[in-house]
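Notes for the one structure printed next.
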Amino acid sequence: MIDIVLKLMLIYAFLFFTGYGLHLFLTPPFLNKKYLTFLLVPSLGYAQMAILSLYGLALAIHLETIVQVSIGLSIATLVIFILLQRYFLKNTVKNQNTSCQSYCHTILQKSIFPLPLRHVKAYIKLIWSKVLIFLLLLLIILSPVIKAGFPTTPYRHGIDVLGYSQSAEYLFEGHTVRQLKHTVRNLLNDSNLYRARKNIYKTMSYNTIINFEFFLFDHRWGFPAITAELTKVVKASHVFNIVFLLLIFNYALLIGLSYFLMRQLLKIPGYIAFWASVALALNCNLLNLTYEGQYAEIFIEPYFILLLIIFLIFKRYTEEDAFKHKLNLFRSPKLLQTILFASVILAAFYVIYSWAIFTILLFIGLIFIVDFVLTKKFNLRLFYLTGVTGVFGLIWICPFALKWFINMLSIIPNLKAAGFPQPHWASFLEILGIFDIYSHLRVAEYTIQSRSIWWSAILIIVSTLFLISIFRYLWKEKRSDIAFWVTPLLFIFLIFLKTMYFEKTFNYQYMKVYTMCLPFVFGLSTAVLYFRIFPKNKYSQFFKVFLLLAVMFNGIAYLNQYMEQGSYITKSMIDLHQKNVTDALDDGVVYTLNTAGLSSNMMAAVIPMNWLNYSFAPQQGPQYFGKTVYLIYDKTQVPCGNCIIARNPNGILYENPQYIIVNTHRHLEQVCSHFPCPALQDLYYHTLTGP
């Protein structure tokens with residue numbers, strides 16, 4: 001517990017330092033809220049690290065150098081800001097004869113505590129309860145990790161948690177993307193990487209498969225690179241020591257931005273917006289996304305919200321009378337500042353979760369379409385601002401922008417095949433978290449579960465009535481912004497139709513989209529509950545509070561359910577990984593009969609060995625025939641671990657409290673010459689039970 005807290009503090013301090021310079025220069029005035037500063041700055045640190053990491057990985061620069069460049073850039077931005085402020089003070093005093101007090105006030109407006117000292121006590125007294133609740137909320141979200149013993153998620157299904165972690169560990173151990181290309185070409189004897197992708201699954205090295213998919217095909221560089229770099233910063237021994245902790249800072253920003261969205265854009269009273277943000281943080285769909293290992297989506301969710309909030313600000317800005325006929329960026333410093341801020345966030349978005357850029361493009365495209373249908377006008381000025389922002393975003397990653405675009409075009413045909421089924425097609429009430437589609441799900445379920453007809457009917461009817469109330473509210477109260485607020489609902493509905501009726505596939509994409517849009521849908525639903533549904537009396541207030549409490553209860557119940565399922569990562573697994581790092585066990589081939597456990601737990605993704613079993617049996621085995629066969633046993637899944645040690649006194653290659661690795665002293669070609677190979681199973685049982 002103490003170690004986790006210390007790591008969190010050190011990571012936060014580093015991120016705050018690296019992001020503060022960007023904050024001073026780029027954060028637009030409408031986002032300079034006191035409660036957002038502490039949450040936004042670390043995420044800007046992430047954005048800076050992601051963009052720098054793209055260049056570092058492409059140029060085969062080691063992590064330590066990337067970290068040093070990030071620190072140097074942060075120092076440079078702070079120094080430049082101070083110098084510019086002094087220049088501003090000099091000219092202000094000369095031209096307007098103002099005092100240093102005015103300059104100090106300007107600095108304070110940009111600082112962490114933009115309040116006069118005499119108001120600090122009152123300010124602390126005002127917010128202390130909310131801060132404590134907020135910290136308690138973050139502790140609740142981290143609670144399964146704290147119980148698990150390693151700062152990574154407990155595991156049920158979904159392999160991204162291990163994919164991101166393993167690819168980050170690959171970088172942490174000093175490997176580079178250039179080295180990976182060389183490894184893949186040698187392993188598959190093919191210099192064409194796009195052609196090699198068709199054959200990559202012929203290798204026994206599942207780590208190489210993951211690295212190929214993440215670094216060379218999907219270009220998911222940002223999160224693994226940030227994880228590896230911060231593992232170096234805190235001097236941890238393995239990325240599993242911090243990988244889940246990194247999510248909590250952006251999760252906290254997600255909560256803060258949700259409050260901003262409800263308080264500033266929807267004009268919901270502060271106390272309602274605060275508790276609604278707490279409820280959203282405990283929404284079981286967001287928690288499921290987090291704890292199933294969808295790291296990158298949770299990581300970029302606040303960036304998604306930021307970009308769409310800025311888009312709404314642009315929309316309002318371009319519809320003002322003063323800008324109906326002329327829009328000059330260079331005569332509008334605040335507008336240019338907002339564009340640059342959004343472009344940095346967009347560039348980080350590209351690097352961290354590249355394919356999700358389709359989500360935001362489709363979202364914005366739908367807003368334009370809905371707005372045109374309602375107003376019969378096309379907002380060319382908004383299109384211009386959006387395009388300029390996108391171009392600036394590509395400029396930040398200009399050496400790789402074309403490569404990214406080509407890669408995205410190659411990914412599109414495979415999107416519908418990705419992922420795994422969720423337990424149910426979530427109704428609107430279940431999207432909000434009032435009911436939990438994951439309740440009573442104690443084991444991995446890879447099929448969509450059935451519902452009773454009556455329960456389905458109730459969910460459909462009540463959800464429809466709720467949606468009708470939302471549309472009536474938007475039509476009467478939010479006419480100018482109606483296209484923006486209708487789009488999340490329309491987007492979710494269109495993806496539902498696409499996946500269920502046109503593609504007739506499972507609900508993974510549907511889940512992805514409604515979780516991305518959830519802060520907007522949840523905020524809008526809160527506004528409707530507060531302003532429109534039922535008269536304002538004590539009974540209706542009780543009902544509204546009850547709904548928020550239902551969302552919180554379902555979230556806490558989900559976390560408790562997850563903790564009951566235990567931890568995937570164990571100390572023995574990390575020890576085995578370290579053994580492989582020092583002694584290169586991947587010089588041999590490893591076999592285990594427990595293929596079901598290997599498939600579900602994906603231990604092969606954690607421990608870089610050549611896994612020879614029925615799950616990953618290669619179609620081309622001769623290249624491995626000269627390697628020694630190792631047998632791995634999990635003591636928790638065999639009748640007698642000590643018996644294996646006693647029967648093989650000269651063959652125990654490695655042993656810890658959970659695992660035993662037996663060296664058979666036989667090459668693969670001596671055991672079998674084709675796959676699948678029954679002789680391997682016989683060898684496994686013979687070593688386990690004896691003659």
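Keep in mind that this is a model prediction, so the values were computed, not measured. Values below: all heavy atoms of this structure, side chains included; hydrogens, waters and symmetry mates excluded.
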May I ask you to decide if [Y]'s main-chain N or O and [X]'s side chain share a donor-acceptor pair within less than 3.5 Å?
X: Ser70; Y: Val67; answer: no
X: Ser277; Y: Tyr259; answer: yes
X: Glu229; Y: Leu63; answer: no
X: Asn285; Y: Ile437; answer: no
X: Lys235; Y: Lys232; answer: no
X: Arg263; Y: Ile268; answer: yes
X: Asn241; Y: His238; answer: yes
X: His62; Y: Glu64; answer: no

If I take atom [atom1] from residue [X] and atom [atom2] from residue [Y], how far apart are they, to the nearest 0.5 angstrom?
X: Ile298; Y: Thr290; atom1: CD1; atom2: OG1; value: 3.0 Å
X: Phe299; Y: Ile352; atom1: CZ; atom2: CD1; value: 5.0 Å
X: Phe240; Y: Leu245; atom1: CZ; atom2: CG; value: 12.5 Å
X: Thr18; Y: Ile71; atom1: OG1; atom2: CD1; value: 8.5 Å
X: Leu432; Y: Glu430; atom1: CG; atom2: CD; value: 10.0 Å
X: Leu394; Y: Tyr350; atom1: CG; atom2: OH; value: 4.0 Å

Are the side chains of [Y] and [X] in contact, using a 4.5 Å heavy-atom criterion?
X: Leu280; Y: Ile255; answer: no
X: Glu301; Y: Leu289; answer: no
X: Leu171; Y: Leu57; answer: yes
X: Leu15; Y: Leu44; answer: no
X: Leu24; Y: Thr77; answer: no
X: Phe14; Y: Val234; answer: no
X: Phe260; Y: Phe30; answer: yes
X: Ile339; Y: Leu385; answer: yes

Give a yes-or-no answer on whether the side chains of Asn32 and Thr27 include a donor-acceptor pair shorter than 3.5 Å. no
Item to check | Under 3.5 Å side-chain donor-acceptor pair for Ser53 and Trp221 | outcome: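 Result is no, nothing qualifies.
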Work out which heavy atom in [X] is nearest to a heavy atom in [Y]; give both atom names and the distance.
X: Trp485; Y: Leu524; value: O-CD2, 3.8 Å
X: Ala426; Y: Ile431; value: CB-CG1, 4.0 Å
X: Thr338; Y: Pro28; value: OG1-CB, 3.3 Å
X: Ala279; Y: Phe522; value: CB-CZ, 3.9 Å
X: Leu257; Y: Leu306; value: CD1-CG, 3.7 Å
X: Cys284; Y: Asp436; value: SG-OD1, 3.4 Å

key: Sole candidate of Leu36, Leu31, Val41 that passes side chain to side chain contact (heavy atoms under 4.5 Å, CB included) when paired with His23   =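 Among Leu36, Leu31, Val41, the one meeting side chain to side chain contact (heavy atoms under 4.5 Å, CB included) with His23 is Val41.
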The side-chain hydrogen bond (donor to acceptor under 3.5 Å, both in side chains) partners of Ser74 (sequence neighbours excluded) come to Gln48
Those residues at least two apart in sequence (or on a different chain) that pass side-chain hydrogen bond (donor to acceptor under 3.5 Å, both in side chains) with Asn554 are none
Taking ring-ring contact (aromatic ring centres under 6.0 Å, His included) as the criterion, tell me which of Phe484, Phe311, Phe491 meets it with Phe520.
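Result for ring-ring contact (aromatic ring centres under 6.0 Å, His included) with Phe520: Phe484.
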Kindly indicate, with the supporting measurements, whether the criterion side chain to side chain contact (heavy atoms under 4.5 Å, CB included) is fulfilled by Val521 and Tyr514. CA-CA 9 Å; Val521 173; Tyr514 73 63; over 6 Å; no
TODO: List the steps, then state whether side chain to side chain contact (heavy atoms under 4.5 Å, CB included) holds for Ile556 with Asn560.
DONE: CA-CA 6 Å; Ile556 293 173; Asn560 183 63; 5.6 Å; no
What orientation do [X] and [Y] show, parallel under 30°, tilted 30 to 60°, or perpendicular over 60°?
X: Tyr438; Y: Tyr558; answer: perpendicular
X: Phe244; Y: Tyr295; answer: tilted
X: Tyr12; Y: Phe249; answer: tilted

Let's go through Tyr46 and Tyr303 carefully: what are the C-alpha distance in whole Å and the side-chain angles of both, what is the deciding distance for ring pair (Phe, Tyr, Trp, His ring centres under 6.0 Å) to 0.1 Å, and is it a yes or a no? CA-CA 11 Å; Tyr46 277 140; Tyr303 297 152; 7.8 Å; no
More than 12 heavy atoms of other residues, nucleotides or ligands under 6.0 Å from CZ of Phe553: is that the case? no
Check step by step if side chain to side chain contact (heavy atoms under 4.5 Å, CB included) holds for Leu230 and Met49. CA-CA 10 Å; Leu230 289 175; Met49 291 180 70; 4.1 Å; yes
Criterion side chain to side chain contact (heavy atoms under 4.5 Å, CB included) on Phe363 and Leu307, from CA distance to verdict:
CA-CA 11 Å; Phe363 195 106; Leu307 290 170; over 6 Å; no
